[in-house]
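I have placed the structure first, in the form of structure tokens, so that the comments after it can refer back to it.
Keep in mind that this is a model prediction, so the values were computed, not measured. Just follow the structure's listing: the first ligand is 1, and inside any ligand the first atom is 1.
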Amino acid sequence: MDRSRSHADYPGTVSEPLILGIETSCDETGVALVRGRELLADVTASSMDEHARYGGIVPEVASRAHLEAFVPTIDAALAAADVDLGDVDAIAVTAGPGLVGSLTVGVAGAKSLALATGRPLYGVNHVIGHAAVDELVHGAFPERFVALVVSGGHTSLLLVDDIATGVVELGQTLDDAAGEAFDKVGRLLGLPYPGGPHVDRLARTGDPSAIRFPRGLTAGKDKARHPYDFSFSGLKTAVARYVEAFADRGEEVPAADVAAGFSEAVADVLVTKALAACRTHGCDTLVIGGGFSANSRLRELAAERAQEQGVTVRIPPIRYCTDNGAMIAALGSALVRSGAAPSQLDLPTDSAMPLTLVQA
Ligand code: KG4
Ligand code: ZN
């Protein structure tokens, strides 16, 4: 194949590029159009209803749903933005991390569009997209900031100098992601899948100080070795033991207090480590993204403690925190504005794409 094609079409540095963003890393087919830092349209088709009865995402079902939703979602986004495919300056697509089958549908579709239009293609990192989307809501990023990306699949703490080129991974979860831990605790408490929002709602009715659950990697040697890493598996096990003890005694589980104590432990660890990173690295801005940033206790605690520390917290509205096309278009726009060269048209998907790569 002609590996040089996308470079030949490279638009150079465009200050207000029109970007088509495509996201298919999990169960959402997201397509958006962004001009510079302005969001023109954002359309999402989700296959979550098809997975709910299995209690988790079924990759084959998700891939097929992307295949069916891809063209209609592109059409809907172009119509909503009132632009033609030919007007687009560049195409951005999630190259990873994510489910390999889901990613493949999006990347193959995006390659076809790039070939058909002759426009450059940028295969971008989904996790960094979760932070990048905030520029569409709250305006240009400051010179340096800390980003906390929390969802069902990721829990990462980033130091960002330039979202297109200068992202350093400070830490990540060593086991479960925060949302994943919520979904597992939801299952323990007999709540529907995905459990995160249900546990959150139940927690609002409980006493957060009634049960003190462990905060992983926050003390002693563990903290020294992993100042910005997270671990939620010990917490999840502690919750499971607590719930089982009640069941063994034939007593009713104090579900609201369990949910509240658990939510408090997760929010406490996330906020403590994110603000410590701000202090250490001299940042006065914390950007929080990913589907878990819907969590009400995380939002409250972050706002409260950040204010005490003189840090501004930026969290996009929920619809831009869950997986969507806008986050990918936003990151594509940042790359084009910074003059980054496009990806090659033989770019692979990378289900474990590292945070050291903004672009594939
Ligand atoms: O970003 P996202 O939509 O998909 C992934 O990339 O994972 O995040 C979804 C995750 C799920 O685990 C869901 O249960 C969790 O975020 N979640 C919540 C809340 N809303 C969504 N967890 C706790 N509290 C919430 N309010
Ligand atoms: Zn995500």
Q: Would you tell me whether Arg241 and Thr237 have side-chain atoms, one donor and one acceptor, within less than 3.5 Å of each other?
A: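 No pair is found: no donor N or O on one side chain lies under 3.5 Å from an acceptor on the other.
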
Q. So does Arg64 pair up with Glu68, basic N to acidic O under 4.0 Å?
A.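 Here Arg64 does not pair with Glu68 in a salt bridge, since their nearest N and O are not under 4.0 Å apart.
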
Geometry only, no angles: is [X] polar-contacting ligand 1 at N/O separations under 3.5 Å?
X: Gly195; value: no
X: Gly196; value: yes
X: Pro194; value: no

**Q.** ligand 1-proximal atoms of Phe182, by part, heavy-atom distance under 4.0 Å
**A.**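 The answer is the side chain.
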
Q: Kindly confirm whether the Zn ion (ligand 2) is within less than 2.8 Å of some N/O/S atom in His130?
A: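 Yes, within the cut-off.
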
[atom]: the protein heavy-atom neighbour that sits closest, reported with distance to 0.1 Å:
atom: atom 24 (N) of ligand 1; value: Asn295 ND2, 3.0 Å
atom: atom 15 (C) of ligand 1; value: Gly179 CA, 4.2 Å
atom: atom 1 (O) of ligand 1; value: Gly291 N, 2.9 Å
atom: atom 19 (C) of ligand 1; value: Pro197 N, 3.8 Å
atom: atom 12 (O) of ligand 1; value: Asp183 OD2, 2.7 Å
atom: atom 26 (N) of ligand 1; value: Asp200 OD2, 2.8 Å
atom: atom 4 (O) of ligand 1; value: Asp323 OD2, 3.7 Å

Q) Touching ligand 1 at all, Glu28? Heavy atoms, strictly under 4.0 Å? A)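 Contact absent.
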
Q.
With a 4.0 Å cut-off on heavy atoms, is Cys26 in contact with ligand 1?
A.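 No heavy atom of Cys26 comes that close to ligand 1.
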
**Q.** Whether over 12 other heavy atoms sit under 6.0 Å from Glu143 CD
**A.**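 Atom CD in Glu143 is not crowded, with 12 or fewer foreign heavy atoms closer than 6.0 Å.
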
(Q) My understanding is that we take every heavy atom of each candidate and find the minimum distance to atom 10 (C) of ligand 1. Doing that for Ser293, Ala177, Gly290, Gly152, which one comes out nearest? (A)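 Result: the heavy atom closest to atom 10 (C) of ligand 1 is in Gly152.
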
Q: State whether the side chain of Thr272 and the backbone N or O of Val269 hold a donor-acceptor pair below 3.5 Å, judged by distance alone.
A: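 Looks like no, no N/O pair under 3.5 Å.
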
Q) Do the side chain of Arg215 and the main chain of Phe213 share a donor and acceptor less than 3.5 angstrom apart? A)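 Side chain of Arg215 to backbone of Phe213, a donor-acceptor pair under 3.5 Å: yes, one is there.
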
Q. Between His281 and Tyr228, what is the ring plane arrangement, given parallel below 30°, perpendicular above 60°, and tilted in between?
A.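 His281 and Tyr228: tilted rings.
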
Q. Which class fits the ring pair Tyr242 and Phe246: parallel under 30°, tilted 30 to 60°, perpendicular over 60°?
A.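 Because their plane-to-plane angle lies in the 30° to 60° range, the rings of Tyr242 and Phe246 count as tilted.
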
Q: Please test Asp27 against His66 for side chain to side chain donor-acceptor pair (under 3.5 Å), starting from the C-alpha separation and ending with a verdict.
A: CA-CA 8 Å; Asp27 61 315; His66 287 306; over 6 Å; no

